[in-house]
Engineer: 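Sending over a structure as structure tokens; questions will come in a sec.
Just so you know, these numbers use all the heavy atoms, side chains as well, and skip hydrogens, waters and symmetry mates. Labels below follow one simple rule: chain letters A, B, ... track the order of the sequence lines, proteins then strands, and each chain is numbered from 1.
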Amino acid sequence: MPLHNREIADTFIKLANLLEIEGANPFRVRAYRNAARVISSLAPRVSDLVAQDKDLSELPGIGDDLADKIRTLIKTGELPLLKQVEARTPPILHELMKIEGLGPKRVKILYQKLGIRHVKDLQTAIKQGRLKKLSGFGEKTEQKILSGIQHLNQYTKRMKLADAAPVVDSLLRYMRNIDGVEQVECAGSYRRKKETVGDLDILAAAKDSEKIINAFIKFDEIAAVITQGTTRASAHLHSGFQVDLRVVSEKSYGAALLYFTGSKEHNIAIRKIAVQKKLKLNEYGIYRGERQIGGRTEEELYKQLGLAYIEPELREDRGEIIASRKHRLPKLISLKDIRGDLHCHTHATDGSASLEQMAKAAEQLGYEYLAITDHSQHLTVAHGLDKKALIAQIKKIDRLNAKLQNLVVLKSMEVDILEDGSLDMPRDILNELDLTVCSIHSKFSLPQKKQTERILKAMDNVCFNILAHPTGRLINHREPYSIDMERILHGAKERGCILELNAQPDRLDLNDIHCKMAKDIGAPIVISTDAHSPSQFSYMCYGINQARRGWLEKENVINTRPLKDLKKLLNRK
DNA sequence: GCCGTTTTCGGCCCGACTGTTTTCAGTCG
């Protein structure tokens with residue numbers, strides 16, 4: 001079984017943690033962390049690159065040494081250096097570093113002085129009062145570690161973006177009502193519209209920062225205040241989120257917004273540019289010597305660095321800085337570009353509303369077209385339609401279309417792709433449809449080659465138009481099934497098939513990296529909500545977020561086209 | 001360990017908060 005990029009990255013993170021505990025050169029430690037980040041956000045699998053004999057040292061942050069280590073790890077499943085380190089330092093210690101308040105230095109002291117290896121040892125030591133006897137450890141530190149242990153699982157999981165949205169809304173409403181707040185917004189991965197967010201970074205501009213901090217900690221959603229200073233504070237909310245608030249003056253607001261929006265990698269990269277230009281960039285502004293030459297807005301900061309403005313969704317250090325310098329940034333798609341939805345369900349299968357209700361809701365959104373895509377018979381849990389039921393629905397749609405003024409309802413179906421790659425509905429009836437949306441709902445654990453070929457064979461059927469939720473993953477719930485995405489994308493392009501970006505907040509499938517890959521290969525995308533009720537049409541914005549993170553422009557997405565053009569794209573015969 | 005429009009050696013982003021200190025180390029983002 002070839003190693004996943006995630007597993008390679010985890011190995012390097014573990015190595016970095018253990019080396020840090022041993023007190024290794026911090027820049028060497030950073031190099032391993034960087035490598036882990038590069039590998040985990042890489043679209044192709046590193047094991048495939050190795051199999052193809054590609055030069056890994058061309059990857060940013062990977063030199064000859066790391067390239068060699070990666071090859072060894074993939075070929076043997078082991079890393080000799082990690083083995084050596086583990087012989088000196090118990091590997092379990094790297095688990096202790098996950099506790100809030102514990103870093104490499106303290107973990108090392110706990111291990112050397114008290115022999116602590118596990119969370120349990122730590123709890124016992126605290127109970128016996130052995131911890132606060134150590135030099136450098138006191139009452140407060142002990143309490144912080146105890147609460148860190150309690151929160152170990154509670155606050156470590158990243159939350160879905162859609163779950164954060166209402167929390168952020170109420171937080172921002174509260175902040176805007178505080179007297180003296182001039183500007184406020186949520187920065188961090190929330191502003192970058194990442195599919196999941198860790199904590200919420202709130203940034204405010206005000207003259208008297210302390211007054212704002214004091215008002216903030218009275219917010220009634222706050223469960224516990226973690227830290228409180230004169231310009232920043234952080235707290236746990238009852239909803240499970242951690243909030244970090246930072247208050248700056250207006251002349252620093254843009255610089256602080258840039259800094260707190262991140263990503264960390266993007267920040268490091270642009271600060272390097274500042275250094276090259278003999279400037280200093282921090283969260284207060286950009287400086288030539290002692291003199292501040294910008295910082296009020298993000299736009300002026302990018303300009304000072306010789307860069308075009310970079311949208312938050314692109315700030316991941318995945319090529320946006322070079323594109324910005326060359327004025328080749330994409331003109332990202334936006335919600336208003338969307339003309340229709342090509343995936344939704346009615347109560348004929350597992351939806352909760354009628355055909356008419358769904359059509360009416362789509363019409364109210366100003367859509368030109370809506371495809372009704374109820375499930376096929378193989379998906380019995382959703383009461384999939386058989387041939388007879390589909391014919392009845394087709395007739396019903398014809399009657400409805402005769403009455404509709406501004407919307408065209410397209411006849412379609414979400415057809416199961418069976419294990420052998422055939423479609424769960426005979427050709428003669430599929431020919432009656434305007435389009436088909438095809439998807440996998442069974443046999444998730446086939447080996448990668450088989451799963452890939454299953455999909456490619458299904459695409460050989462000229463009735464196949466759209467591959468829905470291409471990897472089947474459910475965020476925080478189910479891993480994607482194993483497919484060769486590059487092969488699928490090339491296969492789709494060659495055959496005139498389209499890949500869906502499913503906008504359900506727990507799917508967002510394709511992910512951002514795959515969207516960019518599709519764009520680079522030239523495979524078309526459709527953004528669909530898979531709505532099971534009229535209100536779920538509003539999920540389109542989450543699909544748009546993901547598309548923007550994947551560098552997609554209006555031209556890359558087929559449901560930005562007028563119906564006439566769309567129909568041409570859907571006709572493979 | 002990586003990297004180069006000053007450099008193949010000598011740098012590597014930068015600052016706030018906390019606790020336990022007598023001036024700063026550790027942690028975090």
Engineer: Go along nucleotides 20-28 of chain B 5' to 3' and tag each nucleotide: B for a protein heavy atom under 4.0 Å from its base, S when only backbone or sugar atoms are that close, - otherwise.
Structural biologist: SS----SSS

Engineer: With both distances kept under 3.5 Å, what pairs with dG4(B), Watson-Crick or G-U wobble?
Structural biologist: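 dG4(B) is paired with dC9(B).
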
Engineer: Gln143(A) has an atom CD; how far is it from atom C1' of dG19(B), in whole Å?
Structural biologist: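 Atom CD in Gln143(A) sits about 13 Å away from atom C1' in dG19(B).
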
Engineer: Side-chain donor or acceptor of Asn25(A) under 3.5 Å from a matching atom on the base of dG1(B)?
Structural biologist: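 Donor-acceptor pair under 3.5 Å: yes.
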
Engineer: Could you give the distance separating dT27(B) and dT20(B) at their P atoms, to the nearest angstrom?
Structural biologist: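 Per the computed distance, 13 Å lies between those P atoms.
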
Engineer: Below 3.5 Å is the cut-off: list the nitrogen or oxygen pairs between protein and nucleotides 4-10 of chain B, distance only.
Structural biologist:
{"residue": "dT6(B)", "atom": "O4", "partner": "Lys278(A)", "partner atom": "NZ", "Å": "3.4"}

Engineer: Measure from CG on Asp317(A) to C1' on dC2(B) and round the result to the nearest Å.
Structural biologist: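 It is 14 Å, rounded to the nearest whole Å.
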
Engineer: Per the atom types in the model, does the base of dG29(B) pair as donor or acceptor with the side chain of Tyr259(A) at under 3.5 Å?
Structural biologist: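 Under the 3.5 Å cut-off, the side chain and the base do form a donor-acceptor pair.
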
Engineer: Short question: side chain of Glu486(A), backbone of Asp484(A) - any donor-acceptor pair under 3.5 Å?
Structural biologist: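 No, Glu486(A) side chain to Asp484(A) backbone: no donor-acceptor pair under 3.5 Å.
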
Engineer: Looking at every strand, decide which applies to Ile270(A) at a 4.0 Å heavy-atom threshold: base, sugar-phosphate, or nothing.
Structural biologist: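 Since no nucleic acid heavy atom lies under 4.0 Å of Ile270(A), the category is nothing.
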
Engineer: Between Asn267(A) and Tyr259(A) (side chain of the first, backbone of the second, donor and acceptor by atom type, cut-off under 3.5 Å), is there such a pair?
Structural biologist: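 Yes, the answer is positive, given that a donor and an acceptor are paired below the 3.5 Å cut-off.
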
Engineer: Without decimals, in angstroms, what is the distance between Asp65(A) CG and dC2(B) P?
Structural biologist: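 Roughly 5 Å, once rounded to whole Å.
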
Engineer: Assuming nearest nucleotide by heavy-atom distance, tell me which of Asn282(A) and Asp64(A) is located more 5' along DNA chain B.
Structural biologist: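 Its nucleotide being nearer the 5' end, the pick is Asp64(A).
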
Engineer: Pick the P atom in dG1(B) and in dT6(B), then give their distance to the nearest Å.
Structural biologist: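 The answer is 28 Å between these two P atoms.
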
Engineer: Return the 5'-most residue of the pair Thr231(A), Lys264(A) with respect to DNA chain B, ranking by each residue's nearest nucleotide.
Structural biologist: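 Of the two residues, Lys264(A) wins.
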
Engineer: Using a cut-off of strictly less than 4.0 Å, decide whether Tyr284(A) has a side-chain nitrogen or oxygen near OP1 or OP2 of dA16(B).
Structural biologist: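 For dA16(B), OP1 or OP2 has a side-chain N or O of Tyr284(A) closer than 4.0 Å.
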
Engineer: Could you tell me how far dC13(B) sits from dC3(B) if I compare only their P atoms? Round to whole Å.
Structural biologist: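 Approximately 13 Å lies between the P atom of dC3(B) and that of dC13(B).
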
